[in-house]
A.B. asks: 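Dropping a structure here in structure tokens format, bear with me for questions.
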Amino acid sequence: MMVQPLGIVFSESALRSDQFAVLAAFVAINTVIYVALAVAKMLPKIYVRDHVASRYSRQETRSIHPDGPA
Amino acid sequence: MGRFQRAVGLVIFGSAVLGSVMLLVAVGAGDPDPADAPSEGVLFGIWRVLYDTEAPPTHILVAAAGLALVFAASVALLERRIATRARRSDRPDVMPLAPKVVMAETRGVYAGPVTVTVLIPAHNEEACIAATLESLLSQSHRPARVIVVADNCTDATVQIAERAGVEVVETVDNRRKKAGALNQALERILPAQGDNDLVMVMDADTTLDAGFLEAAVRRMTDDRALMAIGGLFYGEEGKGLLGQFQRNEYIRYARDMRRRRGRVYVLTGTASMFRPRALRTVAAERGRTIPGVPGDVYDTVVLTEDNELTLALKTLGAMMMSPAQCTVVTEVMPTWGALWAQRLRWQRGALENLGAYGLRQQTSRYWAQQLGIGYGVVALTSYVLLIALMVLSLDNWVWFPFWVGIGLLFTVERVVTVWRGGWRARLLGATLFPELVFAMYLNVVYVKGILDISLQRQAAWKHVVVQVGDRRIRVGD
């Protein structure tokens, strides 16, 4: 009997099929998508507005006290 | 349930699957090369490894990452635009709770100092109500009134509450669960509440952290257009690994909220505070601009009444926030079964709410979120499938340096985002795969929720009671 190196369940040649290549590419793209989101989540969030001088200033108080500071 | 509501699940999950299929077809059309055989190398002079230096082409990497970031940024921009629109609205007929409308109606009027009336809906909560009351009564800003809304209690909840010296209101013929109980209590107390007499609703299984009320009252004093404040919840200690999974999840959610500077996703039922004007307006608008029974503050038909109320307030233009100082500790589910019941209710409730509100500007963010989870289910499942295929087919494990690097990035993200949770949280994040299994579990719940709503299965709004040691824990909130 000829002994062939085999994977546990499927033959290793299954990994060289076109279908597997498509699945692998799909997973690869998704993984990159999620890692991009993960990195964005990990880095400190920058609010551009904080670093730009604002022209907005409150016209009137928003306090429950009518004579509170604006 | 309307036909549209039934279709919600399919619309969302169908779109996610369709998106995945389109990507698959595009990938197939690009004719990816089947992998070549890996090379063999020797690490540290002794460890023989097979490795494959293959990595996706740069333009694909850039396109995928760019697409993800553009999608995330679009959702954020859309949300910002909607918030700005509400802030600028001065039309009481369209957005009666918009800041400009509220400011105009209260200009020059002093309705007295801010007071807090706390409502705690309780259905057989003898195990935890004492701790809840203790956390309330020891706040630096004492609530003016604490009312336990005892709903069909058959245990010692009422006695414990009375012993703690708080008011107890028992519901009458309430068959509409928590929302029904709250509506009964609100019907009694709302008419006497002035503009600054806030109503806080909190779960009986939740304890407030010190300083919650003080911080909330300060914000409500400084801004009379602020209509609601939602608590940020953290998971209680204990319950082993399952507890840690949930704590990590809650820590990441709270971190997200801080990064959003408190802009609310959901005014959680665990602890949220409202200006009476907000609740009265919701009750008045039901059946008109928002779904529900006219006169009801809470919608009694839905499974997730807190999520529904958030959508109602957003639709009416209300400004709300979750300040970083307003934190609460809530129960984590002690068993996988209990977690299943809880999350299925959340998921199904969220879908039902979206169905009831339809596609409006204010709900677009939530639709996008559901779509994102749907796509995540497809992505994670295909990932697991791929890994399984490789494990079952390879004679020898092959290392892919590029993907190992990507994996390391994920690991760093998992650790950084739970840093505040201490070494246990970080350790769990660092091991990566257990959290993937947890995510997979939640994905299965998501799919079950979609199936249930599509097949119109009876929603399980019932309490699951779990025995943990000598405590019986009610699950379902």
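Keep in mind the model is a prediction, meaning the values are calculated, not measured. Convention: sequence-line order gives letters A, B, ...; per-chain numbering from 1.
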A.B. asks: Between B/R277 and B/A225, is there a donor-acceptor pair closer than 3.5 Å when you use the side chain of the first and the backbone of the second?
C.D. replies: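 No.
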A.B. asks: How long is the gap from CG on B/L385 to CG on B/L380, to the nearest 0.5 Å?
C.D. replies: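 One finds 11.5 Å between CG of B/L385 and CG of B/L380.
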A.B. asks: Using a 4.5 Å cut-off on heavy atoms from C-beta on, say whether the side chain of B/E249 contacts that of B/L442.
C.D. replies: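 With C-beta onward as the side chain, the pair touches.
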A.B. asks: Between B/V102 and chain A, with a heavy-atom cut-off of 4.5 Å, which part of the residue counts as in contact: side chain, backbone, both or neither?
C.D. replies: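 The answer is neither part of B/V102.
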A.B. asks: With a 4.5 angstrom heavy-atom cut-off, could you sort out which part of B/R258 is near chain A: side chain, backbone, both or neither?
C.D. replies: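 Neither part, no heavy atoms under 4.5 Å.
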A.B. asks: Select, from B/T417, B/L67, B/N196, the one with the greatest count of heavy-atom pairs under 4.5 Å involving chain A.
C.D. replies: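 Sorted descending by pairs with chain A, the first entry is B/N196.
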A.B. asks: Measuring heavy-atom distances to chain A, does B/L61 have an atom under 4.5 Å in its side chain, in its backbone, in both, or in neither?
C.D. replies: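 Contact with chain A: backbone and side chain both.
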A.B. asks: Can you tell which part of B/D195 gets under 4.5 Å to a heavy atom of chain A, answering side chain, backbone, both or neither?
C.D. replies: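 Looking at B/D195, nothing touches chain A.
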A.B. asks: Checking B/T106 against chain A: side chain, backbone, both or neither under 4.5 Å from a heavy atom?
C.D. replies: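 For B/T106, no heavy atom lies under 4.5 Å from chain A.
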A.B. asks: Going through the distances and angles, do B/R252 and B/E435 end up as a salt bridge (charged side-chain N to carboxylate O under 4.0 Å, His left out)?
C.D. replies: CA-CA 13 Å; B/R252 291 200 179 96; B/E435 286 204 321; 2.9 Å; yes
A.B. asks: For chain A, which of B/L69, B/L386, B/V416 has the most heavy-atom pairs under 4.5 Å?
C.D. replies: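 Option with the greatest count: B/L386.
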A.B. asks: With only heavy atoms counted, which part of B/R255 is less than 4.5 Å from chain A, the side chain, the backbone, both or neither?
C.D. replies: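 Only the side chain of B/R255 comes within 4.5 Å of chain A.
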A.B. asks: Is chain B contacted by the side chain of A/E60, its backbone, both, or neither, given a heavy-atom distance below 4.5 Å?
C.D. replies: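 Side chain only.
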A.B. asks: Any salt bridge linking B/E105 with B/R224? Criterion: basic side-chain nitrogen under 4.0 Å from a carboxylate oxygen.
C.D. replies: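 Salt bridge absent between B/E105 and B/R224.
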A.B. asks: Using non-hydrogen atoms only, which part of B/R107 is less than 4.5 Å away from chain A: side chain, backbone, both, or neither?
C.D. replies: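 B/R107 touches chain A through side-chain heavy atoms alone.
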A.B. asks: Could you list the donor-acceptor pairs under 3.5 angstrom formed between side-chain atoms of residues 24-44 of chain A and any protein atom two or more places apart in sequence or on another chain?
C.D. replies:
unit_1, atom_1, unit_2, atom_2, d
A/N30, OD1, B/Y375, OH, 2.6
A/N30, ND2, A/F26, O, 3.4
A/T31, OG1, A/V27, O, 2.6
A/Y34, OH, B/G376, N, 3.4

A.B. asks: With sequence neighbours excluded, what pairs up with A/R62 under the salt bridge (Lys or Arg N to Asp or Glu O under 4.0 Å) test?
C.D. replies: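 Salt bridge (Lys or Arg N to Asp or Glu O under 4.0 Å) check on A/R62 returns B/D223.
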A.B. asks: Using heavy-atom distances under 4.5 Å, tell me whether B/A72 contacts chain A through its side chain, its backbone, both, or neither.
C.D. replies: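 The answer is the side chain of B/A72.
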A.B. asks: Using side-chain heavy atoms (C-beta onward) and a distance below 4.5 Å, is B/D222 in contact with B/R218?
C.D. replies: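 SC-SC contact between B/D222 and B/R218 confirmed.
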